[in-house]
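Quick caveat, the model's predicted, so the values are computed rather than measured.
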Amino acid sequence: MANPEQQIFDAMVEGWRSQQRSRGLREQTIQNRLATVTRFRDFVDKPPWKWTVADVDEFTADSMGRVRALSTLRNNHGSIHGFCEYLTSPLYDWMEICEREFAEIPSQVCLPWNTVAHRFEFEGDGKRRPLAYDEVERLFDTADARVETLVGSGRKGALGALRDAQLLKTVYAFGLRRTEAVMLDTVDLHYNAKMRQWGRYGAIHVRWAKAAGGGAPRRRTVLLVPEFDWWVPGMEQWVEQARDRFAPGSDLDALWVTERRTRLSAGYLDRRFAELRDEAGLSKALTLHSLRHSYVTHLLEFGYADRFVQEQVGHMHASTTSIYASVSSDFKNRVLADALKALMEGEADDR
């Protein structure tokens, strides 16, 4: 072999790729894992059969200068761990091949004491929080005001501003993730037999929910709740009057279309939220995902059952929903007042 080390490493990577595909993992998940392993190999400048625990320590220390989220570090460790697990498995021949060719064998270098464990329910920035009711109103009032300003001035962009305002309201009214929102098609608007007055706007079928374990995107149907029925007139206006003015044609089913007759991107949605947030004078700590946090919090404050909220937002575990919930002090005070009132009335009845 001209470069046996490189050829063996390439064969290892291709073998691991095939193994992950046979498990039904998404191609993007596989590519991300392979990229991490390749990046680690380039960083330590050694082939896998020479990797050590200390190499992982140095790689992690170097990564922490660029990566702030513990989840990212944990994913990096998981990729390296999975690759080493594949190489050291007795079901494959890599141990024998390395010993025969290089007189060395690969080992597991990601161990419990040098990797990030998932020990905490919430690992995000403590500044992350839901929007209060008045902040939601300020955000949407700012978005609506932009539409009115552009219409009044006769400048271009009013149609796009109307689309952006309704899209942000949809994210909040259904507790959607950004990809779930931008990947909606017109056929994903559904009826709710219990609320016929809302027509085809009683529910949304989410087909691009967050995948679990590298699998295919999950699906769920999110019902519109009566407290958010203000969303319906705006959506009717967008779907039945405004969307066709972008001339999307019959080939583009996207609910949110651009002037170039393409689907709106998730990155654009993040940027538009940030612009409107700043224009509304809200905290820069708030992100688009804060609207999803707000949805969970406000549904709980409205009195909806935890299980209903969990299914609405598509969480597999109730503990995940609890992370998103940040019930307001006003709500807690009302609950306490009701409990005290019931207690006092009970004592009065006993007398």
Side-chain angles (χ1 to χ4, degrees), residues 1-120 122-125 128 178-179 210-217 265-267 270 287:
M1 296 183 187
N3 187 345
E5 288 191 354
Q6 184 62 47
Q7 291 189 24
I8 292 293
F9 176 73
D10 290 343
M12 288 174 167
V13 168
E14 286 306 310
W16 194 41
R17 185 199 304 273
S18 298
Q19 186 235 36
Q20 293 180 92
R21 282 176 174 168
S22 71
R23 292 163 54 195
L25 301 185
R26 288 186 305 159
E27 192 62 32
Q28 187 59 55
T29 298
I30 297 173
Q31 292 297 336
N32 291 342
R33 291 179 176 180
L34 295 180
T36 299
V37 167
T38 301
R39 189 166 64 251
F40 177 66
R41 194 283 307 267
D42 293 342
F43 176 82
V44 299
D45 196 24
K46 292 187 291 187
W49 48 93
K50 292 180 180 290
W51 291 352
T52 67
V53 172
D55 292 332
V56 176
D57 297 343
E58 293 178 9
F59 179 71
T60 302
D62 180 76
S63 300
M64 291 182 71
R66 302 181 302 276
V67 176
R68 292 184 297 175
L70 287 178
S71 59
T72 302
L73 293 176
R74 185 168 53 252
N75 288 337
N76 290 345
H77 292 157
S79 297
I80 300 169
H81 181 278
F83 185 60
C84 291
E85 195 172 54
Y86 164 71
L87 297 183
T88 57
S89 171
L91 301 176
Y92 298 95
D93 300 328
W94 295 116
M95 300 282 280
E96 291 82 356
I97 292 173
C98 291
E99 186 172 22
R100 183 181 67 245
E101 297 291 335
F102 310 109
E104 293 181 274
I105 59 174
S107 61
Q108 180 58 262
V109 295
C110 286
L111 304 170
W113 55 84
N114 73 332
T115 56
V116 177
H118 199 164
R119 299 174 181 172
F120 311 103
F122 179 69
E123 298 176 337
D125 190 338
R128 185 182 299 174
R178 64 175 192 166
T179 300
K210 186 177 180 181
S265 71
D270 280 332
T287 66

Quiz item: Take atom CD in Glu99; do more than 12 heavy atoms of anything else shown fall under 6.0 Å from it?
Solution: no
Practice problem: Looking only at non-hydrogen atoms, find the nearest pair between Gln19 and Tyr92 and report the distance. | Solution: CG-OH, 3.4 Å
Self-check item: Separation of Asp45 CG from Phe40 CZ (nearest 0.5 Å)
Solution: 11.5 Å
Quiz prompt | Spacing of Ile30 atom CD1 and Arg21 atom CZ [to the nearest 0.5 Å] | solution = 6.0 Å
Quiz item: When rounded to the nearest 0.5 angstrom, what distance separates CG in Asn76 from CZ in Arg33?
Solution: 12.0 Å
Quiz item: Quick one: does Arg17's side chain get under 4.5 Å of Glu27's, heavy atoms only?
Solution: yes
Practice problem: May I have the step-by-step check of side-chain contact (heavy atoms from CB on, under 4.5 Å) for Val13 and Trp16, ending in yes or no? | Solution: CA-CA 5 Å; Val13 168; Trp16 194 41; 5.8 Å; no
Self-check item: Close side-chain approach of His77 and Thr60, heavy atoms under 4.5 Å
Solution: yes
Quiz prompt | Ile8 and Phe102, any side-chain heavy atoms less than 4.5 Å apart | solution = yes
Self-check item: Thr29 side chain vs Leu25 backbone, donor-acceptor pair below 3.5 Å
Solution: no
Tell me which donor-acceptor pairs under 3.5 Å the side chains of residues 48-56 have, and how far apart each pair is, sequence neighbours excluded?
from, atom 1, to, atom 2, distance (Å)
Lys50, NZ, Glu104, OE1, 2.7
Trp51, NE1, Lys46, O, 2.9
Trp51, NE1, Pro47, O, 3.3
Thr52, OG1, Ala54, N, 3.4
Thr52, OG1, Asp55, N, 3.3
Thr52, OG1, Asp55, OD2, 3.2
Asp55, OD1, Lys46, NZ, 3.2
Asp55, OD2, Lys46, NZ, 2.8
Asp55, OD2, Thr52, N, 2.9

Self-check item: Spacing of Cys98 atom SG and Glu5 atom CD [to the nearest 0.5 Å]
Solution: 10.0 Å
Exercise. Answer yes or no: is there a side-chain heavy-atom contact under 4.5 Å between Asp62 and Phe59?
Key: no
Quiz item: Can you check whether Gln6's main-chain N or O pairs, donor with acceptor, with Asn3's side chain at less than 3.5 Å?
Solution: yes
Quiz item: ring pair (Phe, Tyr, Trp, His ring centres under 6.0 Å): which pairs involve residues 18-37, sequence neighbours left out?
Solution: none
Self-check item: Separation of Leu87 CG from Met95 CE (nearest 0.5 Å)
Solution: 9.0 Å
Practice problem: State whether the side chain of Asn114 and the backbone N or O of Val109 hold a donor-acceptor pair below 3.5 Å, judged by distance alone. | Solution: yes
Exercise. Would you check if Gln20 and Tyr86 make a side-chain contact, meaning some heavy-atom pair closer than 4.5 Å?
Key: no
Quiz prompt | ring-ring contact (aromatic ring centres under 6.0 Å, His included) against Phe9, all qualifying residues, sequence neighbours excluded | solution = none
Quiz item: If you measure from CD on Gln31 to OG1 on Thr36, what distance do you get to the nearest 0.5 Å?
Solution: 11.0 Å
Quiz item: Are Gln28 and Asn32 close enough, and set up right, to give a side chain to side chain donor-acceptor pair (under 3.5 Å), and what steps lead you there?
Solution: CA-CA 6 Å; Gln28 187 59 55; Asn32 291 342; 2.9 Å; yes
Quiz item: For the side chain of Ser89 and the backbone of Glu85, is there at least one donor-acceptor N/O pair under 3.5 Å apart?
Solution: no
Exercise. Locate the shortest heavy-atom distance separating Leu111 from Thr115; write the atom from each residue and the value.
Key: O-OG1, 2.9 Å
